[in-house]
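Being a predicted model, the structure only gives us computed values, none of them experimental.
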Amino acid sequence: MAGKGEDTRKRILDTAQAMILDHGYAGVSVDKLIKSLGLTKGAFFHHFKSKRDLARTLIQRYSDEGVQLFRDSLARAQKLSDDPLQQFLLVIGLYEELFEGLTEPFPGCLLASYVYEMQQFDEETRDIINVEFYLSRKELTSLIEQIMEKYPPNAEVNASSLADGFMSLFEGAFVLSKSLKEADITVQQLRHYKTYVELLFRQ
């Protein structure tokens, strides 16, 4: 069971994430954050040395969660099928399931929020931002290359570019969903991507 200190730390991180997604990193000051939380500055600085320390911790948590989700989805797909094409379609399908139940637009991607304000962050934080992007590119490129060997594509395709399409889909879908206030846009785009993959490698 988490202690009071751990609960406070998590509450700071959760609230900071929501505020950054709504207002951007530059638009969220420590004063605004602690006022929203009903904390003192002393309580905040007990957990984080500075706003930048909070930012680094926050993006590390977000990245770790994204990486774990991707790894778990890929491992589950590999367990369910030996066929590389089916594995790829299963990965897409697992993400579909994740977003199917939304009744409100997904609040956005913290990675993208940080990228928009990249000049605000140090090199260590910038490196954390790219971990999930590089991982998905590497793993999906390898998987797509296996697919191309077994199922020659019906149109010219670059494996790495097709792999990048998976992550870039989310960033665009999140923005569109939030702007138009339509919760199902991310799922719709995932289904379009899956259909494209199926048509590309249909024999």
Task: Approximate separation, where rounding is to 0.5 Å, of L90 CG and L80 CG - done: 5.5 Å
TODO: Could you state whether F174 and L98 fall into the same hydrophobic cluster, counting links through intermediate Ile, Leu, Val, Met, Phe, Trp or Tyr residues with side-chain heavy atoms under 4.5 angstrom apart?
DONE: yes
Task: From Q60 atom CD to I128 atom CD1, the distance as rounded to the nearest 0.5 Å - done: 4.0 Å
Task: Distance-minimising heavy-atom pair for F201 and P153 - done: CE2-CB, 3.7 Å
- [ ] Give a yes or no on whether K138 atom NZ has more than 12 heavy-atom contacts from other residues, nucleotides or ligands under 6.0 Å away.
- [x] no
Open item on the list: Under a 4.0 Å threshold between the charged nitrogen and the carboxylate oxygen, would E124 count as salt-bridged to R52?
Closed with: no
- [ ] Verify the cluster assignment for Y62 and V67: are they in a single hydrophobic cluster under the rule of side-chain heavy atoms below 4.5 Å apart?
- [x] yes
Task: More than 12 heavy atoms of other groups within 6.0 Å of Q119 CD - done: yes
TODO: Report the distance from atom OG1 of T40 to atom CZ of F45, rounding to the nearest 0.5 Å.
DONE: 10.0 Å
Open item on the list: Check for me, please, whether V131 and F121 land in the same ILVMFWY cluster - side-chain distances under 4.5 Å, paths through other members count.
Closed with: yes
TODO: List the atom of S177, the atom of A183, and the distance in Å for their closest heavy-atom pair.
DONE: OG-CA, 4.0 Å
Open item on the list: Could you check whether any side-chain N or O of K51 sits under 3.5 Å from a backbone N or O of V28, counting only pairs where one atom can act as donor and the other as acceptor?
Closed with: yes
Open item on the list: For a 4.5 angstrom cut-off between non-hydrogen side-chain atoms, does R9 reach F48?
Closed with: yes
Open item on the list: When you group the ILVMFWY residues by side-chain heavy-atom contacts below 4.5 Å and let the links chain together, are Y134 and V115 in the same group?
Closed with: no
TODO: Indicate yes or no: at least one non-hydrogen side-chain atom of V157 is less than 4.5 angstrom from one of I144.
DONE: no
- [ ] With side-chain contact (heavy atoms from CB on, under 4.5 Å) as the test, would you mind laying out the steps for L54 and L13 before giving the verdict?
- [x] CA-CA 8 Å; L54 169 66; L13 288 168; 3.7 Å; yes
Task: Side-chain heavy-atom pair R61, Q17 within 4.5 angstrom cut-off - done: yes
TODO: Check the surroundings of atom CD in E123: do more than 12 heavy atoms from other residues, nucleotides or ligands lie under 6.0 Å from it?
DONE: no
TODO: With rounding to the nearest 0.5 Å, note down the distance linking CD in Q189 to CZ in F99.
DONE: 12.5 Å
Task: No-hydrogen, no-angle side-chain donor-acceptor test under 3.5 Å, D164 and S161 - done: no
Open item on the list: Check the orientation of Y25 and Y114. Use parallel for under 30°, tilted for 30 to 60°, and perpendicular for over 60°.
Closed with: tilted
Task: Distance (rounded to the nearest 0.5 Å) between L169 CG and H192 NE2 - done: 9.5 Å
Open item on the list: With heavy-atom distances below 4.5 Å as the criterion, would you say the side chains of H47 and T57 are in contact?
Closed with: no
- [ ] State, with a plain yes or no, whether a side-chain heavy atom of V91 is found less than 4.5 Å away from one of R76.
- [x] no
Task: Full working for side-chain contact (heavy atoms from CB on, under 4.5 Å) between M167 and E132 - done: CA-CA 9 Å; M167 289 302 296; E132 186 179 354; 3.7 Å; yes
Task: L200 side, atom CG; I147 side, atom CD1 - distance, nearest 0.5 Å - done: 9.0 Å
Task: Whether Y95 and F166 hold their rings parallel, tilted or perpendicular, with breakpoints at 30° and 60° - done: perpendicular
Task: Whether S73 side chain and L69 backbone form a donor-acceptor pair below 3.5 Å - done: yes
Task: Donor + acceptor pair across side chains of D64, Q68 (<3.5 Å) - done: no
Open item on the list: With a 4.5 Å cut-off on side-chain heavy atoms, are E198 and L89 touching?
Closed with: yes
Task: D22/K178 under salt bridge (Lys or Arg N to Asp or Glu O under 4.0 Å): CA gap, chis, key distance, verdict - done: CA-CA 10 Å; D22 281 341; K178 193 171 183 179; 3.6 Å; yes
- [ ] Decide ring-ring contact (aromatic ring centres under 6.0 Å, His included) for F170 and Y193; before the verdict, give the C-alpha distance in whole Å, the side-chain angles of both, and the deciding distance to 0.1 Å.
- [x] CA-CA 11 Å; F170 290 109; Y193 184 73; 8.9 Å; no
TODO: For side-chain contact (heavy atoms from CB on, under 4.5 Å), just list the numbers for D31 and K41, CA-CA rounded to whole Å, side-chain angles, deciding distance to a tenth of an Å, and then say yes or no.
DONE: CA-CA 8 Å; D31 286 339; K41 279 192 176 181; 2.8 Å; yes
Task: Sidechain-backbone polar pair: S36 side chain, K32 backbone, donor-acceptor under 3.5 Å - done: no
Open item on the list: Closer than 3.5 angstrom, by distance alone: can the side chain of S63 be matched with the main-chain N or O of I59 as a donor-acceptor pair?
Closed with: no
Open item on the list: Which heavy atom of A77 sits nearest to which heavy atom of Q87, and what is that distance?
Closed with: CB-O, 3.4 Å
- [ ] Could you pull out the closest heavy-atom pair between S113 and I20, with the gap in Å?
- [x] CB-CG2, 4.3 Å
TODO: Could you tell me whether the side chain of L21 reaches within less than 4.5 Å of the side chain of L110, counting heavy atoms only?
DONE: yes
TODO: Grab the two heavy atoms, one from Q146 and one from P84, that are nearest each other, plus how far apart they are.
DONE: CB-CB, 3.9 Å
- [ ] Might you work through the side-chain contact (heavy atoms from CB on, under 4.5 Å) test for L74 and L143, ending with a clear yes or no?
- [x] CA-CA 10 Å; L74 187 58; L143 185 57; 4.3 Å; yes
- [ ] Indicate if F133 and Y116 have the same hydrophobic cluster label, given that clusters are the connected sets of ILVMFWY residues with side-chain heavy-atom separations under 4.5 angstrom.
- [x] no
Task: Side chains of D122 and T125 in contact at under 4.5 Å (non-hydrogen atoms) - done: yes
